[in-house]
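Single-structure report; data block below.
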Amino acid sequence: MEAAENNHSERTKLSDNGKERTERDDHFQNSSSKFAKSESKLLSSSKCRDGSICAQCFDNSNQGRCRIVHSRTKMMKLLIEKGEVKEVQSVFDGLVGEGHRPSLVTFTTLVCALTAQKRYKQLKSVMSRIAEYGMKPDVILYNAILNGFCQAREIDKAMDIFRKMKQSGCSPTTSTFNTIIKGYGILGQPEEASKVLKMMHETNVKPNIRTYNILINAWCAKNNLTEARKVMSKMRASDILPDAVSYNTLAKAYAQSGEAYKAEKLVIEMQNEYLRPNERTCGIVINGYCKEGRMDDALRVLYRMIDLEVPPNLVVFNTLVKGYTDRLHFARIDEVLEN
């Protein structure tokens with residue numbers, strides 16, 4: 001099931017690189033001009049001119065083969081990648097206004113755009129619209145809507161969608177359960193999130209490393225590091241080894257609790273599991289020591305990074321400089337910068 005979902009994962013990916021618009025502007029403009037030229041040709045021979053219905057869209061034997069729907073959906077995805085999510089709705093409305101029936105891919109893309117804009121109230125109307133077209137949501141679309149309601153902190157609505165999903169005969173995947181676990185984590189309810197993990201085992205859906213990492217984060221957010229540790233034990237029992245994300249999440253929680261020394265112990269634990277600490281791991285420990293005023297320990301970890309062949313980044317240096325500046329230890333700043 002997970003593999004099937006991965007084949008369609010591009011439908012639900014939202015780019016986190018909206019700030020990198022400069023690099024993408026040329027690509028986007030070129031793509032836009034190509035779409036404009038191709039669409040002008042398509043529209044000239046289309047069956048949906050003058051506001052009539054596109055026969056190709058509503059012919060069940062030909063469903064999903066309308067080139068204009070495919071083209072506009074691709075444009076919607078490009079808009080999301082470029083960070084122009086507000087324009088996605090107008091492209092969708094224009095498609096419908098010209099007499100076309102959006103595909104499930106189109107609807108999934110729209111849901112992603114609405115979620116990115118935090119326009120959660122419109123998610124319910126999307127479901128109604130899909131039903132009006134006589135279409136049946138697939139697992140990717142269900143997961144996208146679930147994610148929207150979870151992000152909106154409306155877990156009850158998310159669970160309603162989850163029940164409808166199962167009633168429709170659509171089998172939940174690992175990503176489905178991961179989304180719900182994250183939703184309970186957002187609400188600060190790790191106990192409920194743990195019940196979802198149990199539900200996965202009961203329904204023979206195999207958790208992955210992301211499942212456990214989301215749950216670890218949920219417990220850490222509540223500062224219950226004992227339970228977070230138990231989740232790591234469950235991971236190992238399931239033959240899934242914790243990764244850098246697992247350890248970094250736990251290390252950050254220890255550092256925020258004023259226990260930077262426990263965060264540093266995790267570095268040794270990682271090495272024992274043949275897992276290399278990264279810049280973020282060491283940065284978390286250094287930041288923890290700086291907040292506790294233990295600058296000698298913070299500097300020691302900096303030297304240890306060099307021994308571990310983990311190059312300190314700008315964040316690490318800035319953290320140390322700020323730590324010494326806050327304590328008026330200006331002479332030590334030169335020592336930091338020399339490294």
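Just so you know, these numbers come straight off a predicted model, no measurement behind them.
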Query raised in the report: Which residue pairs pass the salt bridge (charged side-chain N to carboxylate O under 4.0 Å, His left out) test with at least one member in residues 215-232, sequence neighbours excluded?
Result: Glu227-Lys230, Arg229-Glu269
Query raised in the report: Which atoms form the tightest heavy-atom contact between Ile284 and Ala255, and what is the distance?
Result: O-CB, 3.9 Å
Query raised in the report: Side-chain heavy atoms under 4.5 angstrom apart, residues restricted to Ile, Leu, Val, Met, Phe, Trp, Tyr: same cluster for Val245 and Val310?
Result: no
**Report entry** For Glu192, all residues meeting salt bridge (charged side-chain N to carboxylate O under 4.0 Å, His left out), sequence neighbours excluded
**Finding:** Lys195
Query raised in the report: Are side-chain N/O atoms of Ser257 and Asn223 paired as donor and acceptor at under 3.5 Å?
Result: yes
Requested in this report: May I ask you to test the Met235-Asn213 pair for a side-chain heavy-atom distance under 4.5 Å?
Outcome: yes
Query raised in the report: If you round to the nearest 0.5 Å, how far is OG1 of Thr325 from CG of Asn318?
Result: 10.0 Å
Requested in this report: Could you walk me through whether Glu154 and Lys124 pass salt bridge (Lys or Arg N to Asp or Glu O under 4.0 Å), step by step?
Outcome: CA-CA 12 Å; Glu154 296 190 56; Lys124 191 174 182 180; over 6 Å; no
Query raised in the report: If we only count heavy atoms from C-beta on, is the Leu197 to Tyr212 side-chain gap below 4.5 Å?
Result: yes
Requested in this report: Could you tell me whether the side chain of Leu320 reaches within less than 4.5 Å of the side chain of Cys290, counting heavy atoms only?
Outcome: yes
Query raised in the report: Is it the case that one hydrophobic cluster holds both Leu141 and Phe92, taking links as side-chain heavy atoms less than 4.5 Å apart, direct or via other members?
Result: yes
Query raised in the report: Is Ile181 linked to Ile216 within one hydrophobic cluster, defined over Ile, Leu, Val, Met, Phe, Trp and Tyr using a side-chain heavy-atom separation of less than 4.5 Å?
Result: yes
Query raised in the report: Would you call Arg129 and Val96 a side-chain contact if the rule is heavy atoms closer than 4.5 Å?
Result: yes
Query - salt bridge (charged side-chain N to carboxylate O under 4.0 Å, His left out) against Arg294, all qualifying residues, sequence neighbours excluded - result: Glu292, Asp297
Report task. Dump the intermediate steps for side chain to side chain contact (heavy atoms under 4.5 Å, CB included) on Ile161 and Lys157, then the final yes or no. Result -> CA-CA 6 Å; Ile161 294 296; Lys157 289 182 180 179; 5.7 Å; no
Report summary line: Sorted by chain and residue number, the salt bridge (charged side-chain N to carboxylate O under 4.0 Å, His left out) partners of Asp160 (sequence neighbours excluded) come out as Arg163
Query raised in the report: Stepwise, does the side chain to side chain contact (heavy atoms under 4.5 Å, CB included) test hold for Glu273 with Arg236?
Result: CA-CA 11 Å; Glu273 294 192 359; Arg236 295 186 181 94; 2.7 Å; yes
Query raised in the report: Say you draw a straight line from CD of Glu279 to CG of Asn313; how long is it, rounded to the nearest 0.5 Å?
Result: 4.0 Å
Report task. Compare every heavy atom of Leu225 with every heavy atom of Ala253, then report the nearest pair and how far apart it is. Result -> CB-CD2, 3.3 Å
Report summary line: dist Lys322:NZ -> Thr319:OG1 (nearest 0.5 Å) comes out at 9.0 Å
Report task. Working to the nearest 0.5 Å, report the span between CD1 of Ile68 and CE of Met75. Result -> 13.0 Å
Query - Test item: Pro137 and Met165 side chains (from C-beta on) under 4.5 Å apart, heavy atoms - result: no
Query raised in the report: Taking atom CD of Glu202 as the centre, does the number of heavy atoms from other residues, nucleotides or ligands within less than 6.0 Å exceed 12?
Result: yes
Query raised in the report: With no hydrogens and no angle check, do the side chains of Ser128 and Ser125 hold a donor and an acceptor under 3.5 Å apart?
Result: no
Requested in this report: Group every Ile, Leu, Val, Met, Phe, Trp and Tyr by side-chain heavy-atom contacts under 4.5 Å, then state whether Leu215 and Val196 land in the same group.
Outcome: yes
Query - Step-by-step side chain to side chain contact (heavy atoms under 4.5 Å, CB included) determination, Tyr120 to Thr115 - result: CA-CA 6 Å; Tyr120 307 120; Thr115 301; 4.1 Å; yes
Query raised in the report: Shortest non-hydrogen contact from Leu308 to Cys282?
Result: CD1-SG, 4.5 Å
Report task. Return the minimal non-hydrogen interatomic distance between Ile186 and Arg153, and the atom names on each side. Result -> O-NH1, 3.1 Å
Query raised in the report: Which atom pair, heavy atoms only, marks the closest approach of Arg276 to Met270?
Result: O-CE, 3.9 Å
Query raised in the report: Rounded to the nearest 0.5 Å, how far apart are CD1 of Ile145 and CZ of Phe107?
Result: 9.5 Å
Requested in this report: Give the C-alpha distance, both sets of side-chain angles, the deciding distance and a yes or no for side chain to side chain contact (heavy atoms under 4.5 Å, CB included) between Val139 and Ser171.
Outcome: CA-CA 7 Å; Val139 65; Ser171 300; over 6 Å; no
Report task. For residues 141-177, pull every pair meeting ring-ring contact (aromatic ring centres under 6.0 Å, His included), keeping only residues two or more places apart or in separate chains. Result -> Phe162-Phe177
Query raised in the report: Which residue pairs pass the side chain to side chain donor-acceptor pair (under 3.5 Å) test with at least one member in residues 259-268, sequence neighbours excluded?
Result: Glu259-Lys262, Glu264-Tyr289, Glu264-Arg300, Glu264-Arg304
Query raised in the report: Is it true that the side chains of Ser175 and Asn178 contain a donor and an acceptor less than 3.5 Å apart?
Result: no
**Report entry** Under 3.5 Å: donor-acceptor pair, side chain of Thr106, backbone of Ser103
**Finding:** yes
Query raised in the report: Would a distance-only check, ignoring hydrogens and angles, find a side-chain to backbone donor-acceptor pair under 3.5 Å from Thr174 to Lys206?
Result: yes
Query raised in the report: Is a side-chain N or O of Lys182 found less than 3.5 angstrom from the main chain of Asn147, in a donor-acceptor match?
Result: no
Query raised in the report: Is there side-chain contact between Gln151 and Lys118, with heavy atoms separated by less than 4.5 Å?
Result: no
Query raised in the report: Does a donor on one side chain and an acceptor on the other come within less than 3.5 Å for Asp93 and Ser90?
Result: no
Query - Same apolar cluster: Tyr247 and Val315, side chain cutoff 4.5 Å - result: no
Query raised in the report: Quick one: does Leu266's side chain get under 4.5 Å of Asn248's, heavy atoms only?
Result: no
Requested in this report: Please name the pair of heavy atoms, one in Met232 and one in Ser246, separated by the smallest distance, quoted to 0.1 Å.
Outcome: CE-CB, 4.4 Å
Query raised in the report: Will you find, in the side chains of Thr173 and Thr176, an N or O donor that is under 3.5 Å from an N or O acceptor?
Result: yes
Query raised in the report: Does CZ in Arg210 sit with more than 12 non-hydrogen atoms of other residues, nucleotides or ligands closer than 6.0 Å?
Result: no
Query raised in the report: Should Val69 and Cys57 count as side-chain neighbours, where that means a heavy-atom distance under 4.5 Å?
Result: yes
Requested in this report: Spell out, as yes or no, whether a donor-acceptor pair under 3.5 Å connects the side chain of Ser238 to the backbone of Lys234.
Outcome: yes
Report summary line: One should read off an interatomic distance between Ile155 CD1 and Leu146 CG, to the nearest 0.5 angstrom, of 8.0 Å
